[in-house]
Participant: 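Quick one: structure below, then a few questions.
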Amino acid sequence: MKNIFLNALRTLAGTPGGTRIGDVETGHVSFVQKDPVLALKQFKSTAAKGDAAAQLEVGHFFREGRGVQQNLAEAVHWYRLAAVQGNTTAQFTLGIIYNNGEGIMQDFTEAMHWYQLAALQGNANAQTNLGLMYEKGQGVLQDNAEALNWYRLAAIQGQVVAQYNLGLMHEKGEGVTQDFAEALKWYKLAALQGHGEAQGNLGVMYAKGEGVAKDDQSAHMWFNIAAAAGNSVAIKNRDAMTKNMSAQQISDAQKMARDWQTGRVLPK
């Protein structure tokens with residue numbers, strides 16, 4: 001793929017073999033933005049020779065309407081060429097397109113097929129979406145245990161939605177024995193990445209003492225953080241907490257939230 005980017009950049013610069021390039025990816029983005037028509041022409045030339053990475057790029061151009069009129073059917077054609085060669089991003093993207101019915105008839109079975117191919121290669125986003133499909137029973141029989149397995153594979157790679165969903169399943173005991181401590185662990189990992197619902201759920205767990213010692217100040221802190229992230233339920237929960245807290249406790253909880261927001265510092 002580097003050769004594609006380098007050749008494209010050299011052509012744009014008009015210096016055959018000679019442009020100084022510090023960051024290929026940044027250069028590629030700049031090139032595409034500056035002259036998408038030329039970029040598409042060069043990518044299509046390479047894609048036509050069977051280069052999967054270039055085929056993926058051409059798919060993006062047609063899907064997004066960059067340098068060409070948007071054409072989702074054409075995008076699917078190029079994504080499919082890359083996907084059958086094992087390109088995980090193309091496989092995942094096809095999964096999304098079929099899952100959402102993006103310019104084509106919605107087809108959960110087809111979405112499952114492409115998600116699974118990408119997921120088996122370790123694509124965390126595909127693993128997460130595969131988990132969602134097993135959890136919802138879309139394109140496959142509902143199977144919470146299987147959903148849990150895929151969420152876990154994605155979550156250990158740091159996929160934030162998978163971490164949140166894993167926390168939710170442990171909290172509710174779906175596909176696994178209910179385990180508040182395990183739910184707390186996954187919620188924290190998602191919360192540290194800014195997931196507002198995970199932050200709000202942490203507040204609830206601290207308020208109730210589920211999986212952790214009851215702690216009104218920590219509950220208030222998480223509700224406050226979640227509220228700042230746009231979680232409307234957390235706003236109500238935070239305000240309700242103050243009725244049973246002293247002015248000093250509220251002040252301390254607010255400081256904890258400020259400290260966390262400044263440097264993701266959690267109270268000891």
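Just so it is clear, the values below take in all heavy atoms, side chains as well, and ignore hydrogens, waters and symmetry mates. Note that the structure is predicted; figures quoted are calculated from it, not measured.
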Participant: Determine whether L148 and H170 satisfy the following criterion, side-chain contact (heavy atoms from CB on, under 4.5 Å), listing intermediate values before the conclusion.
Facilitator: CA-CA 9 Å; L148 192 85; H170 278 95; 4.1 Å; yes
Participant: Which residue pairs satisfy the side-chain hydrogen bond (donor to acceptor under 3.5 Å, both in side chains) criterion with at least one member in residues 132-145, sequence neighbours excluded?
Facilitator: E135-Y151
Participant: Angle class for the W222/W260 ring planes (parallel below 30°, perpendicular above 60°, tilted otherwise)?
Facilitator: perpendicular
Participant: Determine whether R66 and L40 make a side-chain contact, defined as any pair of heavy atoms from C-beta on separated by less than 4.5 Å.
Facilitator: no
Participant: Do E74 and V68 come within less than 4.5 Å of each other through their side chains, counting heavy atoms only?
Facilitator: no
Participant: In residues 82-91, what donor-acceptor pairs under 3.5 Å come from side-chain atoms, sequence neighbours left out?
Facilitator:
from : atom 1 : to   : atom 2 : distance (Å)
Q85  : NE2    : G50  : O      : 2.9
Q85  : NE2    : Q55  : OE1    : 2.9
N87  : OD1    : T89  : N      : 3.1
N87  : OD1    : A90  : N      : 3.0
Q91  : OE1    : A118 : N      : 3.3
Q91  : OE1    : Q121 : NE2    : 3.1
Q91  : NE2    : A83  : O      : 3.1

Participant: How far apart are the closest heavy atoms of G167 and A183, and which atoms are they?
Facilitator: O-CB, 3.3 Å
Participant: How would you list, by chain and number, every residue that makes a side chain to side chain contact (heavy atoms under 4.5 Å, CB included) with I250, sequence neighbours excluded?
Facilitator: H220, T242, M245, Q254
Participant: Group every Ile, Leu, Val, Met, Phe, Trp and Tyr by side-chain heavy-atom contacts under 4.5 Å, then state whether I96 and V58 land in the same group.
Facilitator: no
Participant: Got Y164 and W186 here, is their nearest side-chain heavy-atom distance under 4.5 Å?
Facilitator: no
Participant: Please identify each residue that fulfils side chain to side chain donor-acceptor pair (under 3.5 Å) with N123, with sequence neighbours left out.
Facilitator: none
Participant: Could you tell me which non-hydrogen atom of A75 sits nearest to which non-hydrogen atom of G59, and how far apart they are?
Facilitator: CB-O, 3.4 Å
Participant: Hey, mind stepping through W150 and T128 against side-chain contact (heavy atoms from CB on, under 4.5 Å) and telling me if it holds?
Facilitator: CA-CA 6 Å; W150 287 110; T128 300; over 6 Å; no
Participant: Does the side-chain contact (heavy atoms from CB on, under 4.5 Å) test come out yes or no for E171 and N201, once each step is laid out?
Facilitator: CA-CA 10 Å; E171 182 186 0; N201 286 10; 4.0 Å; yes
Participant: Just by distance, do the side chain of Q199 and the backbone of A228 share a donor-acceptor pair under 3.5 Å?
Facilitator: no
Participant: In terms of hydrophobic clusters joined by side-chain contacts under 4.5 Å, are W114 and I104 together?
Facilitator: yes
Participant: Do W78 and L56 come within less than 4.5 Å of each other through their side chains, counting heavy atoms only?
Facilitator: no
Participant: When you group the ILVMFWY residues by side-chain heavy-atom contacts below 4.5 Å and let the links chain together, are V161 and I156 in the same group?
Facilitator: no
Participant: Given a cutoff of under 4.5 Å between side-chain heavy atoms of I, L, V, M, F, W and Y, with clusters grown through shared members, what are the other residues clustered with M105?
Facilitator: none
Participant: Which distance, rounded to the nearest 0.5 Å, do you find between the CG of L184 and the CD of E210?
Facilitator: 10.0 Å
Participant: Applying ring pair (Phe, Tyr, Trp, His ring centres under 6.0 Å), name anything that partners F223, two or more places apart in sequence or on another chain.
Facilitator: none
Participant: Would you give the length of the straight line joining atom CD of Q248 to atom CD of Q217, rounded to the nearest 0.5 angstrom?
Facilitator: 8.5 Å
Participant: Under the rule for side chain to side chain contact (heavy atoms under 4.5 Å, CB included), what residues qualify as partners of S45, not counting sequence neighbours?
Facilitator: K49
Participant: Please collect all salt bridge (charged side-chain N to carboxylate O under 4.0 Å, His left out) contacts where either partner lies in residues 233-257, sequence neighbours excluded, each pair once.
Facilitator: K255-D259
Participant: Looking at every heavy atom in both G203 and A219, which two are closest together, and how far apart are they?
Facilitator: O-CB, 3.3 Å
Participant: Any chance you could measure H195, atom NE2, to L189, atom CG, to the nearest 0.5 Å?
Facilitator: 12.5 Å
Participant: For the atom pair CZ (F92) and CD1 (I97), what is the distance rounded to the nearest 0.5 Å?
Facilitator: 10.5 Å
Participant: Not counting sequence neighbours, list each pair that qualifies as a salt bridge (charged side-chain N to carboxylate O under 4.0 Å, His left out) and has a residue in residues 83-93.
Facilitator: none
Participant: Step by step, work out the side-chain contact (heavy atoms from CB on, under 4.5 Å) result for Y206 and K214.
Facilitator: CA-CA 5 Å; Y206 274 100; K214 190 176 185 303; over 6 Å; no
Participant: When you compare the side chain of Q159 with that of Q127, does any pair of heavy atoms fall below 4.5 Å?
Facilitator: no
Participant: Please give me the minimum heavy-atom distance between G158 and Q163, naming the atom from each residue.
Facilitator: CA-NE2, 3.5 Å
Participant: Run the side chain to side chain donor-acceptor pair (under 3.5 Å) test against Y79 and tell me which residues pass, sequence neighbours left out.
Facilitator: H60
Participant: Can you get from L132 to V140 by hopping between Ile, Leu, Val, Met, Phe, Trp and Tyr side chains that sit under 4.5 Å apart?
Facilitator: no
Participant: Once rounded to the nearest 0.5 Å, what's the spacing between atom CG of N149 and atom CG of L166?
Facilitator: 9.5 Å
Participant: So which atom in A47 and which in A54 form the shortest heavy-atom distance, rounded to 0.1 Å?
Facilitator: N-CB, 3.6 Å
Participant: Does F180 share a hydrophobic cluster with Y187, counting links as ILVMFWY side-chain heavy atoms below 4.5 Å and allowing steps through other members?
Facilitator: yes
Participant: What are the two closest non-hydrogen atoms of G67 and V37, and how far apart are they?
Facilitator: O-CG2, 3.8 Å
Participant: Under the salt bridge (charged side-chain N to carboxylate O under 4.0 Å, His left out) rule, what pairs show up with a residue in residues 75-102, not counting sequence neighbours?
Facilitator: R63-E102, R80-E110
Participant: Hey, what else clusters with I235 if you join Ile, Leu, Val, Met, Phe, Trp, Tyr whenever side-chain heavy atoms sit under 4.5 Å?
Facilitator: none
Participant: Can you confirm whether K185 sits close enough to E182 that some side-chain heavy atom of one is under 4.5 Å from a side-chain heavy atom of the other?
Facilitator: yes
Participant: So, taking the atom named CD in E64 and the one named CG in L72, what distance separates them when rounded to the nearest 0.5 Å?
Facilitator: 10.5 Å
